[in-house]
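This report concerns only the one structure given below.
Read the numbers this way: they start at 1 and go in the same order the structure lists the ligands and their atoms.
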Amino acid sequence: MANPADRALLCLCLTSPTLQGNLSILEAHGKYADIVELRVDCLTGDERAHAGRLPSLTALPAILTVRRAADGGLFDEGEADRIGLLRRLVGAGFAYVDLEEDLRAPDLEGAGAPRTRAPRVIRSLHDPVGIPEDLEGRLRALARTPREIPKVAVTPRSSAELSRLLEAAEGVFSARPEKIILGLGEAGFCTRVLAARIGSKLGYALAAEISAAPDRADPRTLAEMYRFHSVSPGTPVYGVIGNPISHSLSPLIHNRGLAALGLDAVYVPFLVDEPAAFMPAAARLGVKGLSVTIPHKQAVIPLLARRDALVEAAGACNTMLRDDGWSGTNTDVEGFLSPLREAFSGRIASPLHAVVLGAGGAARGVMAALCSVGARVLVLNRGVEKAMSLASEYGAQWGPLDETGAARAQGADLIVNATSVGMGDDGTNAEPLPWCRFSGRETVYDLAYGSRETAMLRRARAAGCRTISGLRMLLAQAFLQFRIFTGREYPPVLRGELEREADAGGLSRP
Ligand code: NAP
C-alpha cells in the first residue's frame, strides 16, 4: 500500500492463541493493514514454538512482541524465559522487535556480531492502567540510539490525562522523525485514528472478534469509516465530546458525509469527562469543530468566547467551532423543528397544543423550539420541581409524569418524549408515559432512539398517530452541524439514504 512519509501505518495486532488463528485474522483484515504485530505472549505455549514462521507467511512487515503481564501482556513465565524466547525468534525475519524500556539485552538490540536479518528496535513504555507520574522523564530516557523508535502506550483515564500524554509526547519526541504514540482505552481512542495527526508512525487496530480494545478500533472501521490512510498532519479534525460516547452515531453520519464529498477531514468520538480539561488535547489534535452531547451541553458554555442567540434561548450549546477561541451555537433547536415541519407538510398547526415529557437539557431545547413557533406547552416531569422551573421560564404549564399528568395530556396535538426513557437498546420496552391513551390524531415525537423503534413510537403508530423518530432529529441537527463545520451541504443522496434508514428503525453501522 502506498504510504507517503507523513501518513501513519495501520498496524494489525495479532493476538490469537494460535498461529492458525492469527492467519485467519490476517486473511480477514490484512487488506486494511500496512504492518502486523505478532503478540507472541498471546500464543499458547506449544504455539510459541511456531511463531518464527509468521514473517514468511505474510507479505506485510511484522513486529515481534512478547509482552509481559506487568505491561498488559500475557507472558508470565519470568524474564529469563522471555528473553530466551525473543532470542530464538529475533532472527526469523521480523522487521521490528518491540523491547521495553528496562530490557537490557545487547544481542537483541543489534549489538555484537552483525546479523543480516536484525530487526529495528521499537523501545517501548507501557502502562495498561494509567499514566506514569514522571511521564516526561520516562519518555526522555526511552530511545537509547537514534535508530531506535520510541513508543509510548499508556492509558489515559481522563481528559486531563489525555492532554498530559499528548503534551509530553509532543515535547519529548519533537526532534524524533519516527515515534509511536498510543493512548489505550476509550479516552485514548483518538490516538488510533489520528496517528498521522500526532506524528505517530503507527496506529494500532485489533480484530473485532478478539478485541479487548474500545469499540471501533477494528481495522475495517479505522480504514473505511475513519479513512485512516487519508489522515495527514494537516487534516482538519472534528468530533463529538460526551460521556458515554461509544454509542454515538455522529461519527458514522459525519464521516460518511466527509468521505462522499472527498473532503480532507475526519470526525472522531472523544470520551470526555471534563470539557475544560479536554481543551489542551483538542488544540494539540488540531480540532476545529465539536459536536457536544450528554452531559456537556451546559458545561461547555463558560468555555465559549462567543455564543449566539440559539445558545442563549436553549441554555445549551451542542456545536462548537474553533477559530480565534471557541464560538458556540445550537443546532438541536432547528434539528428538532425540521422533522416536525416535514411531518406537518411545512406548516406547523397554530396554536399547537404540545406536551413535553422531561425537563432536562433536551427538554429545554425543545421548549425553546416550540415557543419559537408559538406552541402552548404542558411540561410533565418525574421531578415536579424541575417541570415547574422549566415551564415557568417559558410561560408554560407543568405537572407530574404520572397518571394524572397523562390525563392532562389527552387531546394534545403533539407529544414529545425528551426524557431518557426508551433510549438505547436496553430501554426499548420502557415508555415514559404508559398511561397515555393515544387517540390517533396526535403527532408523537420521541427524542430517544436505539437500533429499533421505541416502544412509545410503536404504540403510537399502532394507534394511528403520526410518529417522528429521535433519529430524524439527530440527523437534522447533524446536517446543520456539517454545514457549519465544512461550509458544504450534506450530500443530498446520502442524506435521503440515512433518513430512509432512520424511518425504517435504525442507522446501520458499517
Ligand atoms: P438529562 O438532562 O439528563 O434529562 C433527563 C430527563 O429524563 C429528565 O427530565 C429526567 O427526569 C428524565 N428521566 C430520566 N430517567 C427517567 C425515568 N426512569 N423515568 C422518568 N423520567 C426519567 O438528559 P437530556 O440531555 O435532557 O436528554 C434526554 C434524552 O433525549 C436522552 O435520551 C438523549 O439521548 C435524548 N436526546 C436526543 C436527541 C436527538 O437528537 N434525538 C438530542 C438530545 C437529546 P428527572 O428530572 O426527574 O430526573
Result block: side-chain N/O donor-acceptor pairs under 3.5 angstrom for residues 261-275, not counting sequence neighbours:
residue, atom, partner, partner atom, Å
Asp264, OD1, Thr235, OG1, 2.9
Tyr267, OH, Ser291, OG, 2.5
Asp273, OD1, Ser159, N, 3.0
Asp273, OD1, Ser159, OG, 2.8

I'd like a table of donor-acceptor pairs (distance under 3.5 Å, sequence neighbours excluded) in which one partner is a side-chain atom from residues 376-384, with atom names and distances.
residue, atom, partner, partner atom, Å
Asn381, OD1, Ala359, N, 3.3
Asn381, ND2, Gly383, O, 3.0

message: Looking at Asp134, I'd like to know if its CG atom is crowded, meaning that more than 12 non-hydrogen atoms belonging to other residues, nucleotides or ligands lie closer than 6.0 Å.
response: yes

List ligand 1's nitrogen or oxygen atoms that come under 3.5 Å of a protein nitrogen or oxygen, with the partner atom and distance.
residue, atom, partner, partner atom, Å
ligand 1, 2 (O), Gly361, N, 3.0
ligand 1, 7 (O), Ser420, N, 3.1
ligand 1, 7 (O), Ser420, OG, 3.4
ligand 1, 9 (O), Ala359, N, 2.9
ligand 1, 9 (O), Asn381, OD1, 2.8
ligand 1, 11 (O), Asn381, OD1, 3.3
ligand 1, 18 (N), Arg382, NH1, 3.3
ligand 1, 26 (O), Gly361, N, 3.1
ligand 1, 26 (O), Ala362, N, 2.7
ligand 1, 40 (O), Leu474, N, 3.3
ligand 1, 41 (N), Leu447, O, 3.0
ligand 1, 41 (N), Gly470, O, 2.9
ligand 1, 46 (O), Asn381, ND2, 2.9
ligand 1, 46 (O), Lys386, NZ, 2.9
ligand 1, 47 (O), Arg382, NE, 3.1
ligand 1, 47 (O), Gly383, N, 2.9
ligand 1, 48 (O), Arg382, NH2, 2.9

- request: Go through the structure and list residues passing salt bridge (Lys or Arg N to Asp or Glu O under 4.0 Å) with Arg472, not counting sequence neighbours.
  value: Glu342, Asp503

Between Asp308 and Thr329, a side-chain donor and acceptor under 3.5 Å: yes

- prompt: Is the closest side-chain donor-acceptor distance between Thr221 and Glu224 under 3.5 Å?
  reply: no

